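Worksheet: the structure to be examined is printed underneath.
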Amino acid sequence: MAEYTKPLPEITAESRPFWEGCKRRQLLVQRCRACGARQHYPRGVCAACWSDDLEWLPSPGRGRVYSFTVTHRTQARGFRDELPYVLAWVELDEGVQVLTNLVGCDPEKVRIGMEVRVTFEDVNADVSIPRFTPA
Amino acid sequence: MTRAPLIAGVYEFPERKTAKSALEIQAISARAALADAGLAPKDVDGYFTVGTNPGVGPLATVDYLNLNPRYIDGTTIGGSSFVAHVNHAAAAIAEGRCRVALITYGSTSRSSGIAVGTRERIAGEYVDQFEGLYGISTVGLYALVAQRHMHVYGTTGAQLAEIAVACRRHAGLNPVALYREPITIDDVVRSPMISSPLHLLDCCVITDGGGAVVVVHPDLGRDLRKPPVRLLAGAEAIAHTAAGHRDYLVSAAAQTGPRALAEAGVSHDDIDMAMIYDSFTITVLVTLEDLGFCKKGDGGRFVEGGRLGLGGALPVNTDGGGLSSNHPGMRGIFLVIEAVKQLRGECGARQVPDCRVALVHGTGGTLGTRHSSATLILGAT
Ligand SMILES: [Zn+2]
C-alpha cells in the first residue's frame, strides 16, 4: 500500500464505532432511541434532545450531491498532488448531510442532485475512509 | 438604547506589509485610537481582543500593553470577533463593569507567508476526523455555498463579480488599500479558478494589519475630541452543521439582521451605507439577502448595476473591503472603523453623502460548515 499522505482521523472512544463500521465497509448513521432523530457527524449525545441513548444504523450509503466545489488550488496535505479534486456535501437518503470527496468521476461532470453511493478507501490497517462515487 | 454607548475613537494601521510585530501593531493602533478619542491609556478599564495565541486570549496583549483592565473579554468566533467585541463592550458599559473599553487587533499574515484562504482548515477539534480528511480550505467551504446558490437561484459568476468590482472601485479612493487599479466583471470571471465557482478575484486579499476601537460610557460623550458614534443595536448568532440537517443557503445573518434592525428601530431604507464582511464575494451576497436587503435568492439581481458602489442605493465596503483593501485573517475591526469614519464624515473622496446610519456585519468561520454572525447598527451624533 502506498504511503497515505492526507490527514488521518484521530479516532476516539466516542467515534470508534463509526470508524469500525467503515473498516467493515458500513457507513453508520446514529439514531436516537429517545426522539428518533438521525444525525451525522456521530457524537456521544443526540443533537436534537441530548439523550445518550443512541443506536448505530448501517446506511445503504446512497444519496445525492447537495453541493460541491472543484478545488484547483490548495495547501491541504496530500491533496496538492491530486488537483483538481471534488469536495462535496452529500445528503444521504436518510436525510443527513456528510462532508466528503467525490471520486471516480470527471470533476467537470459533477452536478448538484447527482445520485452517489459510498465507497471506502483502505488507507492503512486500521482506517478506511468513506468517500462517494456516482451511483 | 436611549443612553447608547459611544464609539469614541478608531484607528486602522495603514501598512499592508510590515516589519512590525502583531503586538507592536496593536500598541500603535491602541495609542492612536485613544488619541482619536481624546483619552489616555490610563483611562482604559475594559479590554477586548482575540489574542495572539489560542487558549490564553488577551493575556499576552494585556501584558505587552501594560494594561490593568477590570473587565476582560477574549471572545473568538472568527473574523466577526471584533464586531462582537463592540457589542460586548456596550453590554459591559451598560452594566457598569467598565467605562472605557479598548478593542485591539494585529496580524502579520502576509509577512509570515500564511495563505489564509487555501491552507488546510483544521482547528484541532473533534469534528476534524469527519471533515478534515477531505482537503478542506476556507475558500472551498465558501465555494460549496456559492455553487448551491447558483444551482437553486440561478446566481451567476458575473453577479458575484459585481461585488468585487464595487470594492475595487472604492479601494481606488482609499490611499492605503492594497489593490487600487480598477477591475471589470470580465477580469473577475476570467481570473484563475481557485475552488469552483470562486475565482481568484472572488477571494479576499492577504495582508498584514490591525487596528483599535474605543467604546465608552455615554457620560463621557462631552469630553471626547471628536463627535462620537452611537451604538444603536447589536446582535450575534452562530449557524452550524445542525447534526446534518442544515440549509447552507441561510446564514446566521438571518437571525442577527432582524434583531439588530428591530432593536435600533430602523428599517432597511434608513441604512445609508453598510460594511459587510467580504471574505469572498458570496459572503456579501448571502449576507445581504439574510439581512433582508432583498428577498432570499434575489441577491444576484440585487448587486447588479452598481447598487453597492458609491452613488448606488446601498454603498458597501467603501474602504475597498477585504476583497481589495486588507484582510489579515480577521477583518471585523475594519468594518467598525470604516463605518465610524463614514458617520463622522471623514472619508474624503469615498465619503457617503449625509451618512447618518450605518450597518456593520461580521462573518467568522465558514459559511459551508459553521460560522458566526455579528451585526451592529451605528448612528451619527
Ligand atoms: Zn434525541
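Since the model is a prediction, treat every value here as computed from it, not as a measurement. Chain A is the first sequence line, chain B the second, and so forth, proteins listed ahead of strands; every chain is numbered from 1.
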Within a radius of less than 6.0 Å around NZ of K295(B), do more than 12 heavy atoms belonging to other residues, nucleotides or ligands occur?
no
Chain B shares the most heavy-atom pairs under 4.5 Å, among A37(A), P130(A), P107(A), with P130(A)
Within residues 129-151 of chain B, which residues come under 4.5 Å of chain A, heavy atom to heavy atom?
Q129(B), F130(B), E131(B), G132(B), L133(B), Y134(B), G135(B), I136(B), S137(B), G140(B), L141(B), A143(B), L144(B), Q147(B), R148(B), H151(B)
For the residue pair W89(A) and Y248(B), categorise the inter-ring angle as parallel (less than 30°), tilted (30 to 60°) or perpendicular (more than 60°).
parallel
Counting a contact as any heavy-atom pair under 4.5 Å apart, which residues of residues 188-204 of chain B contact chain A?
P192(B), M193(B), I194(B), S195(B), S196(B), L200(B)
Quick one: closest heavy-atom pair of H245(B) and Q97(A), and the distance?
N-OE1, 3.6 Å
Pick whichever of H40(A), K6(A), Q30(A), R77(A) has the most heavy-atom pairs under 4.5 Å with chain B.
R77(A)
Given that the side chain runs from C-beta out, which part of Y85(A) has a heavy atom under 4.5 Å from chain B: side chain, backbone, both or neither?
side chain
Can you confirm whether E10(A) is buried at CD, in the sense that more than 12 heavy atoms of other residues, nucleotides or ligands lie under 6.0 Å from that atom?
no
Less than 4.5 Å to any heavy atom of chain A: does that hold for the side chain of R246(B), its backbone, both, or neither?
both
Non-hydrogen atoms of chain B under 4.5 Å away: do they reach the side chain of L92(A), the backbone, both or neither?
neither
With chain B, the option among V65(A), T74(A), V29(A) that has the most non-hydrogen atom pairs under 4.5 Å is T74(A)
What one should report as the nearest heavy-atom pair of L249(B) and Y66(A) is N-OH, 4.4 Å
So what's closer than 4.5 Å to chain B heavy atoms on R43(A): side chain, backbone, both or neither?
both
Contacting moiety of A48(A), where chain B heavy atoms sit under 4.5 Å
neither
